[in-house]
Amino acid sequence: MSSKTLMVMKKIDELGDWRRTHYSVEITPRLENKRVTVFGWLASMREQGGIVFLILNDKDGMVQVTIHKDRAPNSILEKLKNLNEHSSIGVRGIVKSIKKAPRGAEIIPEEIRILSTTQRQPPFSLFGGKMPSIDKRLDIRVIDLRRPKAQSIFKIRHTVLKAIRDFLISKGYVEVSTPKIIATATEGGAALFPLLYYDKEAFLAQSPQLYKEQLVIPFEKVFEIGPIFRAEESRTLRHLSEVISIDVEEAFVSYEDTMKLIEQMIHHVTKTINDKCSEEMELLKHKLIIPKAPFKRLTYDYIIKMLEKEDVIVNWGEDLSTQALKILGEMLPEFYFITDWPTAIKPFYIKPKDGNQDICESFDFMHGSIELASGGSRVSSKRLLMKRLKEQGLKPKLFEYHLRIFDYGMPPHAGFGLGLERLMMVLTGQENIREVTMFPRDQFRLAP
RNA sequence: GCCUCGGUGGUGUAGCCCGGUCUAGCAUAGGACGCUGUCACCGUUCUGACCCGGGUUCAAAUCCCGGCCGAGGCGCCA
């Protein structure tokens with residue numbers, strides 16, 4: 001047989017009128033003698049003399065299907081010859097309560113329908129063993145996502161997103177959506193992906209920043225959960241070209257209020273995970289401590305002095321290097337804020353401090369060495385905003401559509417943008433951002 | 001973008017420094033057979049690999065050059 005492909009023609013059954021009556025984990029001793037129909041994939045097949053154990057796996061878990069060769073109908077024995085790991089199958093049979101089976105119950109099949117078979121040897125087993133390189137796994141990502149660990153990560157992701165939405169909505173924030181195709185107006189910083197918009201040049205949005213600021217005029221408290229695009233040639237375990245950003249913006253508040261909101265939100269999210277995803281966290285072998293508010297607020301000045309004591313020199317006005325962040329991660333293995341950054345290294349829309357224009361009302365929300373979010377009080381004066389644009393080498397003319405709004409009563413406001421993937425890394429203890437992203441996009445990967 | 005490292009059966013690896021017993025080892029997966037309670041079953045057995053191209057050499061998985069692909073670090077950035 002060829003090693004690359006298993007080009008054996010297998011007979012495939014039709015789904016027909018079969019519909020699922022139960023998911024795998026619902027098969028328990030309480031269903032004793034009930035006829036059930038389950039669907040899923042064959043996770044393993046073990047022969048033990050005259051008895052064959054099939055493990056059927058669906059989105060919720062696994063169930064054992066047991067075939068006694070001397071008692072089973074011939075049709076089933078025939079099917080066995082065509083089965084291989086990862087085949088998708090349907091099983092109709094009778095539930096038997098038996099202590100020796102996993103979860104105390106198993107299905108004795110009356111009929112099996114093979115709905116698809118595998119044409120290649122899968123690169124890994126759902127039952128562990130050595131993991132292939134992440135590259136190989138990403139090439140067949142949806143198969144990889146059936147691994148229990150991946151399932152756990154994305155169940156947690158689902159829970160996190162719902163918890164964040166529930167929290168923000170309960171606090172009166174309105175969910176908004178802003179355009180991802182934009183004309184110009186880079187905020188500076190991250191590079192943009194250009195694209196052709198009919199006959200014009202356009203770009204993928206690096207952030208909903210300017211739109212969400214404008215939206216505080218009609219809605220006052222807004223949030224958006226959506227993709228942002230960065231054309232940075234970043235080759236690290238914590239950067240992607242496309243990520244989900246959780247953006248919040250609110251009128252008539254300052255960055256102090258925004259930090260408090262983050263504290264409450266993180267508290268709610270961690271509590272929800274511990275309540276609802278304990279099995280998943282256990283499988284990931286990750287302990288999540290529900291953090292107590294308030295989180296530490298350390299000024300940029302304080303941080304660089306702290307680093308100096310560890311012989312890591314950050315010149316005032318510079319961003320923190322990877323090395324500096326690593327040291328910080330060892331000293332502060334928790335959630336904390338770095339506040340009051342130099343104005344020059346923050347975007348033009350961040351408000352300089354009254355009294356000292358060199359620093360601004362800004363914060364980075366951190367966990368250990370990883371930056372999760374950044375935020376701050378925004379500039380609400382048009383004159384100041386134009387001055388700041390020029391200081392950062394940007395042309396006010398390109399921001400005309402944004403600036404004109406400031407002629408119509410732009411209130412003081414503040415907000416933040418938080419990277420969902422980075423939050424997921426922290427919550428699930430993953431070191432590679434690709435593990436918490438279904439279809440990661442980076443400098444080198446554009447498919448699947 | 002810069003730097004470093006790597007590419008050996010379906011998968012994970014050993015071998016590479018120091019070229020020749022490499023007919024390429026091991027584990028796992030896959031095929032066949034045996035086994036009536038397995039649960040990463042077990043036992044026997046079989047199958048299956050040196051990224052591509054060029055060079056050096058009597059001899060290349062091993063050394064050199066180019067290409068392709070990948071991983072990590074730094075920078076940028078969130």
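Quick note on labels: first sequence line is chain A, next is B, and so on, each numbered from 1.
- A donor-acceptor contact under 3.5 angstrom links the side chains of A:Gln264 and A:Lys171, judged on distance only.
- Atom CG of A:Leu237 is separated from atom P of B:G70 by 16 Å (rounded to the nearest Å).
- The base-pairing partner of B:C68, taking Watson-Crick or G-U wobble contacts with both distances under 3.5 Å, is B:G7.
- Nucleic acid contact for A:Ala101: base, since at least one base atom lies under 4.0 Å from a heavy atom of the residue.
- If you check every strand for non-hydrogen atoms under 4.0 Å, A:Val52 touches nothing.
- Counting non-hydrogen atoms under 4.0 angstrom, A:Asn432 reaches the backbone sugars and phosphates but no base.
- If you measure from atom CD1 of A:Ile98 to atom C1' of B:U38, you get 11 Å, rounded to the nearest angstrom.
- As a whole-Å value, the separation of A:Leu80 CG from B:A32 P is 12 Å.
- Using a cut-off of 4.0 Å between Lys/Arg side-chain N and Asp/Glu carboxylate O, A:Glu282 and A:Lys285 are scored as not salt-bridged.
- Counting any heavy atom pair closer than 4.0 Å across all strands shown, A:Leu240 reaches a base atom.
- Atom C1' of nucleotide B:G12 and atom CG of A:Asp135 are separated by 15 Å, given to the nearest angstrom.
- A:Glu421 comes within contact range of no nucleotide atom at all, as no heavy-atom separation falls under 4.0 Å.
- At a threshold of 4.0 angstrom between heavy atoms, the contacts of A:Asp70 include nucleobase atoms, whether or not backbone atoms are also involved.
- Among the protein residues, A:Lys69 comes within range of no part of the nucleic acid, since none of its heavy atoms lies under 4.0 Å from any strand.
- Atom pair A:Gln64:CD and B:U38:P shows a separation of 10 Å (rounding to whole Å applied).
- In this entry the distance linking CD of A:Glu85 with P of B:G10 reads 16 Å, nearest Å.
- The separation between A:Glu47 atom CD and B:U44 atom P is 18 Å, rounded to whole Å.
- Put simply, the side chain of A:Arg235 and the base of B:G72 share a donor and an acceptor less than 3.5 Å apart.
- Looking at heavy-atom distances under 4.0 Å, A:Lys326 makes contact with sugar-phosphate atoms alone, never a base.
- Comparing atom distances between the A:Ser133 side chain and each of B:G12, B:A71, B:G37 picks out B:G12 as nearest.
- Using bins of under 30°, 30° to 60° and over 60° for the plane-to-plane angle, the ring pair A:Phe365/A:Phe335 lands in the parallel bin.
- Considering A:Arg92, A:Arg71, A:Arg35 in turn, A:Arg35 is the only one that fulfils the salt bridge (charged side-chain N to carboxylate O under 4.0 Å, His left out) rule with A:Glu110.
- For B:C76, its base sits under 3.5 Å from the side chain of A:Ser234 at one donor and acceptor pair at least.
- Between the side chain of A:Glu431 and the base of B:G72, no donor-acceptor pair under 3.5 Å is found.
- When heavy atoms are screened at a 4.0 angstrom cut-off, A:Thr236 is found touching base atoms of the nucleic acid.
- Taking every side-chain heavy atom of A:Lys136 into account, B:U11 is the closest of B:U11, B:G37, B:C39.
- In this structure, A:Gln151 CD and A:Ile156 CD1 are separated by 11.5 Å, a value rounded to the nearest 0.5 Å.
- Listed candidates were B:C77, B:G12, B:U36. Nearest to the side chain of A:His239 is B:C77.
- Between A:Phe223 and A:Tyr173, the gap from one ring centroid to the other reaches at least 6.0 Å.
- Here A:Pro123 lies in heavy-atom contact (under 4.0 Å) with sugar-phosphate atoms only.
- A:Glu106 places its CD atom 8 Å from the C1' atom of B:G37, with the value rounded to the nearest Å.
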